[in-house]
Asks: 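Can you keep this structure in mind? I'll have questions shortly.
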Amino acid sequence: MLDKRYNPKDIEKKWYDFWLEKGYFKAEAKSDKPSYCIVIPPPNVTGSLHIGHALDITLQDVLIRWKRMSGYNTLWLPGTDHAGIATQNVVEKALQSQGEDRHRLGREKFIERVWEWKKLYGGTIINQLKSMGASCDWSRERFTLDEGLSKAVREVFVRLYEEGLIYRGDYIINWCPRCHTALSDLEVEHEDVKGKLWYIKYKFTHKAGYITVATTRPETYLGDTAVAVNPEDRRYKDIIGKTVKLPVLNREVPVIADEFVDSSFGTGAVKVTPAHDPNDFEIARRHNLPFIKIMTGDGKMTEEAGPYRGQDRFVCRKNVLNDLEDLGHLEKVTDHDLAIGHCYRCKTVIEPYLSKQWFVKIKPLAEEAVKAVRDGNVKIIPTGWENSYFDWMENIKDWCISRQIWWGHRIPVWYCKSCDEIIVSMETPSACKCGSSNLAQDEDVLDTWFSSALWPFSTLGWPEDTDELKTFYPTSVLITGFDILFFWVARMIMMGLKLMNKQPFDHVYIHALIRDAEGMKMSKSKGNVVDPLKMTDAYGTDAFRFTLAAYAAQGRDIKFNEKRVEGYGHFLNKIWNVARFISMNMKEGDRVLSLEELRSGDVSGRLNLAERWILSRLSDICSDVNKALEEYRFNDAAGILYQFMWHELCDWYVEMIKPELYGDNADAKMVALSALVHVFEAALSLLHPVMPFITEEIWQQLPAKKDVESLCVRKYPDADTGIYDKDAEDKMSVIMNVVEGIRSIRGELNIQPSLELKVLIKTLDSVEDVLKPNISYVMKLARVQEIQIGSDIKLPKNSATAIKPSMEIYVPLAGLIDVDVEINRLKKDFAKTEKDLVFINKKLMNEDFRSKAPKAVIDENQTKCNEYKDKLQGIQDSIDKLKKWGKE
RNA sequence: GGGCGGAUAGCUCAGUUGGGAGAGCACAGCCCUUACAAGGCUGGGGUCACAGGUUCGAGCCCUGUUCCGCCUACCA
């Protein structure tokens, strides 16, 4: 017997260990079964589970468990990402608190320290995934710095280099002065700020007067090597080719003409700082201007900055402005909105910085990746994201992949110190072709996302030709948030196509971002983060998972509200209790008929309407749930199951069969119980992918015979699990109408629930034929003591009336209620129905409607119209009679 | 600057090809009916942001407006 209450804590670990022990999560490298594979978006190895992971994990686990139960050879491949900058930052901070410093430690020692850190904390997030119930194949867990994956990285680098798709050069890149590394364009977060535009006067050298330039970064004027104007700009025609003098430094720079300059902005004259601005860099290349670096990698001013050398860039700005002001070189200052780039890891203001870096020539890769989506080889769901994808891909710029940090895949390039030869190689070379062995490896490591881009095939063993690759590549679907669509998804598609000649996955399901209940982005600094572990602690993992699935409607952010988890906790309790109910009414060893027996000739005739109906409904929802999952409508799947389990199975079916269960007709009891067990087991199976723990616990405890060892590997129900039976559903809706009609009278007229009523139903013979054999349901569910049915029933004196399609239900209430109350109730219903009738009549009278609308729609409206008319007539009769009796 | 999404019951949201709007929670009334008060039954509650248009018919399609949110971008 189950405990009175469901206690998640006790059972979750038990079952997870059981599943692991049985090896259910293990994929077969070769199999006759169709394969289904998801690679996990690898969380940062130093991270801990946040609610976004929880959603991601839940959806993936739902799909994997569903497919596993549906007979697929499923592989959910887990792992973690070394997260170069983030991890290095974390370890550096830890070192700092111990009074250490990575530079003092040296590269090798430092990396050892990071590995130690990884050993200590790398398991945290993996254990948290397990606590969420994730059915990953842990025997295949990968880490981006594993030997195999590192080999893949080198292989890709060498291949792309040899094809000319990877190159090295001096360009302006995004530099984080805090992390001391280059970043790709994507790793810069732009924030809109209200800034200033400073107007600086540069004096002419050939005559009196000056030209004014406008800038948002006045300190960079120290590195100016020109002033540019648009060649068409009449104002400046005469001074093109002349020179101006930079204030303080007194350096002379030329005025040049370049199309890039927009005459309508600012003064139409632009200061050109080639080493500190990407546009200026391009201008400088066109005009052969010198590049003057005025800043170091720390964001401090260099020798070139003259009197400002050694100053921090922001201090320098202040000083420069003061000096310009004092010298009369500051013409004016205006407000100006601009977007300032920040490092996505440490939020430091990014500096455009000239340096030698490695790049991936990305256009050729992007073109193929665009094609794959356009041709439908990769399907992005919801499709709305395709636009963003195309937009980004079509305007893509070369990808800076070198990082000046230590934690990551070291770039497989060696420089010969004797002859300047560059050696790019899989293996560490021992000597240059010039004979020298004086080689030095490139100091930099690769962008973390370079290795993540290979994840779908590097984890399956590439570049080796493995069975896993043959079986599982391309993978089935990738589940992730839109925030890494470009960072990761797009790059995986490019790399997959390039190196595997096939897309890495058939589908990409992009899920929403989770916000707090007010719609604000969750962040540690705002203090509004919801800790998933607190949710699972308070309500159980299953309630939390169900909530996330129920929230996961496509194309909308999730405003997470804990109340909803609480609500679904109630749902678990409901399921728990119906399980208890079954246990109470069933003994171990009681005979339970299988579906085959239930539908076989000698039993099916003994099925009551209740059984036929619930089996039919099961059939309906089985196909609905499978379809919803097929289309990634997780919220619909959850909603359908919630509705079915609670409101159809518990509220109706269980209540309908209580007389059989409590009665002494053993055969009837067996039939009812068999259907109940069958439907309940099917419902548990359907729910299992969403709430694996409670369903397993309940199912294991059911006194019914088990067909398999675990729900985990039980066949996922399909439409065949039930018996579709339209006749039963139609008949049941008649019964429900009667019951609801009577309950409605009880409820609205405040009749004691304990009072057993007498009821009369005036109806057609055909409906009578439905009601008569099933009248016991009505009597039980509506608490009716005596019932009369017929086409010639008359409204008894002082009765309440409920009108339903083809039925008038009378409940004599002499002495129980105030006649006026009932009249008012009827009048309300009358008014409502009348409104409906007027509307529908107007429609039906419309010639255009009659001639242009489809026949089915017209018929439907006509039927409704007749129903309304009948109903009004019935209500009016009742009102008239009540009034008449009132006067007597 | 460009692009995308959202606005539906008090709250959070569903609403598949256009055929008079649904759920959960919250609220109100009645019930401790032997699975469940974390429950049962009943009920109230909506000009589907605004203005036009297409259509016999619009929450849904088209145009415009307002207000939110997001992505993206080298106007110094």
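Note that this is a predicted model, so its numbers are computed, not measured. In what follows, every chain begins at residue 1, and chains take the letters A, B, ... in the order their sequences are listed.
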Asks: I want to verify a distance call: between B/rG19, B/rC36, B/rU12, whose nearest atom is closest to the A/Arg564 side chain?
Replies: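 Nearest nucleotide to the side chain: B/rU12.
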Asks: Measuring to OP1 and OP2 of B/rG39, would you say a side-chain N or O of A/His570 lies under 4.0 angstrom away?
Replies: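 Indeed, a polar side-chain atom of A/His570 lies that close.
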Asks: Measure from the side-chain heavy atoms of A/Gln752 and tell me the nearest of B/rC31, B/rC36, B/rG29.
Replies: B/rC31
Asks: Does the plane of the ring in A/Phe581 sit parallel, tilted or perpendicular to the ring in A/Tyr662? Use 30° and 60° as the thresholds.
Replies: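 Geometry flag for A/Tyr662 against A/Phe581: perpendicular rings.
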Asks: What's the closest nucleotide to the side chain of A/Thr215 if the choices are B/rG19, B/rA76, B/rC36?
Replies: B/rA76
Asks: Got a donor-acceptor pair under 3.5 Å from the side chain of A/Lys563 to the base of B/rC25?
Replies: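 No pair found.
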Asks: Nearest to the A/Arg783 side chain among B/rU33, B/rC30, B/rA76, which nucleotide is it?
Replies: B/rU33
Asks: Report the nucleotide, chosen from B/rA14, B/rU42, B/rC4, that has the shortest atom-to-atom distance to any side-chain atom of A/Asn635.
Replies: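 Between B/rA14, B/rU42, B/rC4, the one nearest the side chain of A/Asn635 would be B/rA14.
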Asks: Looking only at the side chain of A/Glu740 (C-beta and beyond, no hydrogens), which of the listed nucleotides B/rU42, B/rC41, B/rC71 gets closest?
Replies: B/rU42
Asks: What is the nucleic acid contact for A/Ser744, judged by heavy atoms within less than 4.0 Å: base, sugar-phosphate only, or nothing?
Replies: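 The residue A/Ser744 makes sugar-phosphate contact but no base contact.
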Asks: Ignoring the backbone of A/Glu655, work out which of B/rA76, B/rC41, B/rA35 is nearest its side chain.
Replies: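 Selected nucleotide (nearest to the side chain): B/rA35.
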Asks: Using a heavy-atom cut-off of 4.0 Å across all strands, would you classify A/Asn861 as base, sugar-phosphate, or nothing?
Replies: nothing
Asks: Report the nucleotide, chosen from B/rA35, B/rC74, B/rG24, that has the shortest atom-to-atom distance to any side-chain atom of A/Tyr662.
Replies: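 The closest nucleotide is B/rA35.
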Asks: Need the pair for B/rU12. Rule: Watson-Crick or G-U wobble, both distances under 3.5 Å, any strand; none if unpaired.
Replies: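 Matched B/rU12 with B/rA23 under the 3.5 Å cut-off.
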